[in-house]
Structure formats: C-alpha cells, structure tokens
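What you see below is based on every heavy atom in this structure, not just the backbone, and it leaves out hydrogens, waters and symmetry mates. Throughout, residue positions are numbered sequentially from 1 according to the sequence presented.
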Amino acid sequence: MHNPNDKQHWVDNRGDEMEFVFRYGRQLRLIMNPAKEEDRFAPDLFSIKLGSLADLKSQREPYRTSERYGVPTERCVTLNVYDLTRYSVLYGGSFPIYFWMDHPDNRLYNGVYEATCREIMDSITFKRRKIHGYMTRDGEDGNKTHSWVLDVIDFRKVS
C-alpha cells in the first residue's frame, strides 16, 4: 500500500481506476472519463447508464480507528470533505460516487457501493457522521486535511 498522504502519487497514478473499470466497468456500465487525460482533477469515471460523470473512491486498507467515529472498521469508507462539497457544487446532488472496498481480509463487505452526493449528505445529517482530521497533513501540498467517516451500509451495494 502506498502512503495515503502522498497526494501527487494518487493524482498521477490511475492504476486503481483502470483496475476498477477492468473489473466492474461492463457490469456497471462505467468507463474512464476521457476528460481526465486533460484535467487530472476531473472526475474519474463516466457512467454510460446515466450519461454523466461519476467519481471513484478506493478503500484498499481498513481505517482501523474508525470505531472512534461510530463506524465499524469493516464497513468504513472515507470521503474528503472538500471533494463532497466540490462535487455537489460543480455537478449537483445527483452526482454519483462509487466506493470500492477491497480489503484483503474483509470478504463480507468488500464490493462496490454507490451513492449520490445528496444521499451522502443525508447520511451525514441523519446518521450524524463525523469528520476525521489527518494529523499528518497540513494542506500545503494540496492534500486535504479532513474526511467524512462513512458507513457503506448507508449506500447501495451494486457489485
């Protein structure tokens, strides 16, 4: 697992996105977003089914202290606070986000979950989800400093 605080690596490396599309693209009718070649900060995916952009969040390692935030480790995914706000403003509440949970030792909850920005905001509001601050990030390198701690059972399992 590469250092999660290495922002440049995650922006430049599209390996997770390519693997995801290879494994699930046909089933979920998703392709790589062609605009990503020109704008590395563009959403990762394009939904053929919806005719719209979408984004991918990969959770390849468990967030081991998630229970402090009220979410069991085996069901926890995180989403940067900035990303959720940005997607909601730029693309609207119906913008879909795919959470790909692929922990080596988590067979029960591994899979792909889908939620729109609006559904994630509802989960945050009604389930009182909490924000996790990263002590090792200061934001100067563009790596945002806070993420929502979310529970995949609030979202649709699509694969």
Side-chain angles (χ1 to χ4, degrees), residues 4-5 7 10-11 14 16-17 20-21 23-25 27-33 35-36 39-103 106 108-159:
N5 294 320
K7 169 78 172 181
W10 297 110
V11 169
R14 299 195 63 200
D16 277 359
E17 298 158 20
F20 177 82
V21 169
R23 287 174 65 177
Y24 300 104
Q27 174 193 354
L28 300 175
R29 301 188 62 207
L30 296 166
I31 61 172
M32 301 284 285
N33 177 9
K36 190 94 175 189
D39 178 4
R40 63 189 186 150
F41 296 107
D44 302 323
L45 306 169
F46 182 82
S47 171
I48 296 167
K49 178 177 77 175
L50 300 173
S52 69
L53 296 172
D55 207 44
L56 173 66
K57 300 299 176 188
S58 298
Q59 192 87 24
R60 303 306 275 282
E61 293 288 324
Y63 180 31
R64 302 221 184 265
T65 59
S66 66
E67 298 205 11
R68 295 181 194 168
Y69 302 91
V71 179
T73 300
E74 66 273 9
R75 298 192 326 233
C76 180
V77 291
T78 59
L79 176 61
N80 189 280
V81 171
Y82 175 83
D83 286 346
L84 180 58
T85 303
R86 181 174 176 268
Y87 299 148
S88 296
V89 169
L90 290 178
Y91 308 108
S94 61
F95 180 79
I97 299 174
Y98 292 87
F99 295 93
W100 179 23
M101 183 175 281
D102 191 27
H103 302 177
N106 186 11
L108 185 59
Y109 292 100
N110 274 350
V112 180
Y113 298 82
E114 176 190 49
T116 64
C117 288
R118 186 176 301 107
E119 291 165 334
I120 295 167
M121 296 290 250
D122 286 348
S123 171
I124 290 166
T125 302
F126 298 118
K127 302 287 179 93
R128 301 184 139 195
R129 298 296 177 217
K130 296 178 176 64
I131 293 175
H132 161 69
Y134 297 96
M135 295 187 309
T136 56
R137 296 182 186 177
D138 61 13
E140 288 188 21
D141 62 355
N143 213 357
K144 304 307 178 207
T145 58
H146 293 83
S147 287
W148 289 106
V149 180
L150 305 170
D151 192 330
V152 294
I153 64 167
D154 294 344
F155 312 135
R156 285 176 302 291
K157 187 169 187 180
V158 294
S159 184

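Arg23 is linked by a salt bridge (charged side-chain N to carboxylate O under 4.0 Å, His left out) to Glu19, Asp102, counting only residues two or more places apart in sequence or in another chain. With sequence neighbours left out, Ser66 forms a side-chain contact (heavy atoms from CB on, under 4.5 Å) with Tyr63, Thr73, Cys76, Val149. Residues satisfying the side chain to side chain donor-acceptor pair (under 3.5 Å) criterion with Ser52, sequence neighbours excluded, are absent altogether. For Glu114, the side chain to side chain donor-acceptor pair (under 3.5 Å) partners at least two apart in sequence or on another chain are Tyr98, Arg156. Residues that satisfy the side-chain contact (heavy atoms from CB on, under 4.5 Å) test with Asp122, not counting sequence neighbours, are Arg118, Phe126. Remark: Phe155 engages Phe99 in a ring-ring contact (aromatic ring centres under 6.0 Å, His included) (not counting sequence neighbours). Remark: Lys127 engages Asp154 in a side chain to side chain donor-acceptor pair (under 3.5 Å) (not counting sequence neighbours). Residues satisfying the side chain to side chain donor-acceptor pair (under 3.5 Å) test with Ser88, not counting sequence neighbours, are none. Residues satisfying the ring-ring contact (aromatic ring centres under 6.0 Å, His included) test with Tyr87, not counting sequence neighbours, are Phe95.
Separation of atoms CZ (Arg86) and CG (Asn80) is listed at 10.5 Å; rounding is to 0.5 Å. Between atom CD1 of residue Ile31 and atom CD1 of residue Ile48 there is a gap of 4.5 Å, rounded to the nearest 0.5 Å. With values rounded to the nearest 0.5 angstrom, Thr78 atom OG1 is found 13.0 Å from His146 atom NE2. To the nearest 0.5 angstrom, Leu150 atom CG is 6.5 Å from Ile120 atom CD1. How far CG of Asn33 is from CG of Asp44: 8.0 Å, rounded to the nearest 0.5 Å. With values rounded to the nearest 0.5 angstrom, Ser147 atom OG is found 8.0 Å from Asp83 atom CG.
Every pair passing salt bridge (charged side-chain N to carboxylate O under 4.0 Å, His left out) that includes a residue from residues 63-78 is listed here, sequence neighbours excluded: Arg75-Asp151.
Side-chain contact between Pro62 and Asn106 is absent, with no heavy atoms from C-beta onward closer than 4.5 Å. No side-chain heavy atom of Tyr69 sits under 4.5 Å from any side-chain heavy atom of Arg129. Residues Trp148 and Ile124 are in side-chain contact: their nearest non-hydrogen atoms beyond the backbone lie under 4.5 Å apart. With contacts defined as side-chain heavy-atom distances shorter than 4.5 Å, the pair Tyr91/Cys117 does not qualify. Contact check for Tyr24 versus Leu30: no side-chain heavy atoms found under the 4.5 Å cut-off.
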- [ ] Apply the test side chain to side chain contact (heavy atoms under 4.5 Å, CB included) to residues Arg60 and Asp16: give CA-CA distance (whole Å), side-chain angles for both, the deciding distance (0.1 Å), then the verdict.
- [x] CA-CA 9 Å; Arg60 303 306 275 282; Asp16 277 359; 2.7 Å; yes
Open item on the list: The test is side chain to side chain contact (heavy atoms under 4.5 Å, CB included); show your working for Leu28 and Phe20 and say whether it passes.
Closed with: CA-CA 10 Å; Leu28 300 175; Phe20 177 82; 4.1 Å; yes
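Residues Ser159 and Gln27 share a closest heavy-atom pair of OG-OE1, 3.0 Å. Across every non-hydrogen atom of Gly93 and Thr116, the tightest pair is O-CB, 3.3 Å.
A donor-acceptor pair is defined here as one N or O able to donate and one able to accept, closer than 3.5 Å; no such pair exists between the side chain of Lys36 and the backbone of Leu45.
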